[in-house]
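Hydrogens, waters and symmetry mates play no part in the numbers below; they use all other heavy atoms, side chains included.
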Amino acid sequence: MGSDIDGRQIRGTAGFRLGVNGISANLAQYGLADRVLDTVVFDICRNPWRDGPMFDAIVTDPPYGVRAGAKRLGRKSGVDPERSLRVVDGVENHRRSDYLPPTEPYEMSDVISDLLSFAAEKLVVGGRLVYWLPTVAGEYDPKDLPVHPVLRVVANSEQPFGGWSRRLVTMEKIASLEGRATAELPEHAPAHRNFRDRYFSKFEALSLNS
């Protein structure tokens, strides 16, 4: 099962990928089409799944904000909320098949925190969460990783790219979720906070001077 907040990413109709068959073409290329049940479009903060554990594993590569910015449902400041309620060709705008709900920026540290909370609820005990975490290489500290009462880190490896790197983090659910426990954020500012801004201000400057 796969998901994305933007269905165009799944269908392969976003930007330069127009006309490409999207994820279905990738699955066919690797001979995995018979192993995927379906794909779903939703915001992880407002997911459609029933309460409780149901997945053995969650594997994800969250958007870093470099090529594709992270986003969640919501409206940017100053956007007219009545636009979604307008009638177009006799149909309410939000009921049209081509309607795209409004979204707002989603800061990287918030993405990871919500991901851990989602995994803590939806994974079965013994299930694993695997995700990529971008970070400023020289500023990374193991304490940057958010933690959760029912998840433990079992692997944390680095893929360097010069001034920045990404870390492949694997966590295992070790106990049932009691109540509404959430991810615990580090007390300091982690090296992945505001990663997009830091990438373009720091790493592009280094590239121009090299």
Side-chain angles (χ1 to χ4, degrees), residues 1-7 9-10 36-66 68-77 101-136 139-158 165-198:
M1 178 70 72
S3 71
D4 197 290
I5 191 174
D6 189 343
Q9 305 291 345
I10 294 175
V36 176
L37 179 62
D38 206 344
T39 54
V40 188
V41 178
F42 65 85
D43 179 354
I44 191 175
C45 299
R46 297 174 174 84
N47 68 83
W49 310 122
R50 59 175 170 78
D51 293 339
M54 63 178 67
F55 298 124
D56 294 316
I58 298 172
V59 181
T60 181
D61 184 9
Y64 312 151
V66 177
K71 54 190 176 180
R72 58 184 169 188
L73 294 180
R75 289 184 173 84
K76 298 178 182 177
S77 176
T103 58
E104 62 180 355
Y106 199 5
E107 206 282 309
M108 191 68 212
S109 55
D110 293 331
V111 172
I112 302 302
S113 174
D114 290 342
L115 175 62
L116 263 63
S117 295
F118 177 82
E121 179 186 356
K122 301 305 179 187
L123 285 174
V124 299
V125 174
R128 294 195 169 190
L129 165 67
V130 182
Y131 68 93
W132 282 109
L133 177 70
T135 185
V136 179
E139 301 176 20
Y140 170 76
D141 186 299
K143 295 180 180 178
D144 285 351
L145 298 183
V147 297
H148 194 284
V150 302
L151 299 172
R152 70 179 179 93
V153 176
V154 296
N156 179 3
S157 56
E158 180 187 23
S165 64
R166 63 178 185 172
R167 309 194 72 88
L168 186 61
V169 182
T170 303
M171 306 185 78
E172 180 180 0
K173 185 173 179 179
I174 58 175
S176 298
L177 182 64
E178 300 294 339
R180 303 299 298 178
T182 58
E184 300 172 8
L185 301 178
E187 296 182 356
H188 65 287
H192 57 271
R193 178 169 293 174
N194 298 322
F195 182 78
R196 175 186 172 85
D197 295 337
R198 300 167 78 177

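Rounding to the nearest 0.5 Å gives a distance of 6.5 Å between CG of L129 and CG of L123. Between the NZ atom of K122 and the CG atom of D56 there is a distance of 14.5 Å, given to the nearest 0.5 Å. Atoms SG and CG, on C45 and L115 in that order, are 10.0 Å from each other to the nearest 0.5 Å.
Take W132 and apply the ring pair (Phe, Tyr, Trp, His ring centres under 6.0 Å) test, not counting sequence neighbours, and it matches no residue. Take D4 and apply the side chain to side chain donor-acceptor pair (under 3.5 Å) test, not counting sequence neighbours, and it matches no residue. For V59, the side-chain contact (heavy atoms from CB on, under 4.5 Å) partners two or more places apart in sequence, or in a different chain, are V130. Residues meeting the side-chain contact (heavy atoms from CB on, under 4.5 Å) test with I112, sequence neighbours left out: P62, M108, L116, Y131, L133, P146. Legend: residues meeting ring pair (Phe, Tyr, Trp, His ring centres under 6.0 Å) with F118, ordered by chain and number and at least two apart, are absent. Partners of R166 according to the side chain to side chain donor-acceptor pair (under 3.5 Å) rule, which considers only residues two or more places apart in sequence or in another chain, are Y64, Q159. Checked against side-chain contact (heavy atoms from CB on, under 4.5 Å), T39 has the following partners two or more places apart in sequence or in another chain: I10, I23.
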Go through the steps for I58 and K173 under the test side-chain contact (heavy atoms from CB on, under 4.5 Å), then give the verdict. CA-CA 11 Å; I58 298 172; K173 185 173 179 179; over 6 Å; no
When you look at E121 and D51, which way does the side-chain contact (heavy atoms from CB on, under 4.5 Å) test go after all the steps? CA-CA 8 Å; E121 179 186 356; D51 293 339; 3.6 Å; yes
Indicate every side-chain donor-acceptor pair of residues 150-158 with a distance under 3.5 Å to a residue at least two apart or in another chain.
{"from": "R152", "atom 1": "NH2", "to": "E172", "atom 2": "OE1", "distance (Å)": "3.0"}
{"from": "N156", "atom 1": "OD1", "to": "R167", "atom 2": "NE", "distance (Å)": "2.9"}
{"from": "N156", "atom 1": "ND2", "to": "Y140", "atom 2": "OH", "distance (Å)": "2.8"}
{"from": "E158", "atom 1": "OE2", "to": "S165", "atom 2": "OG", "distance (Å)": "3.1"}

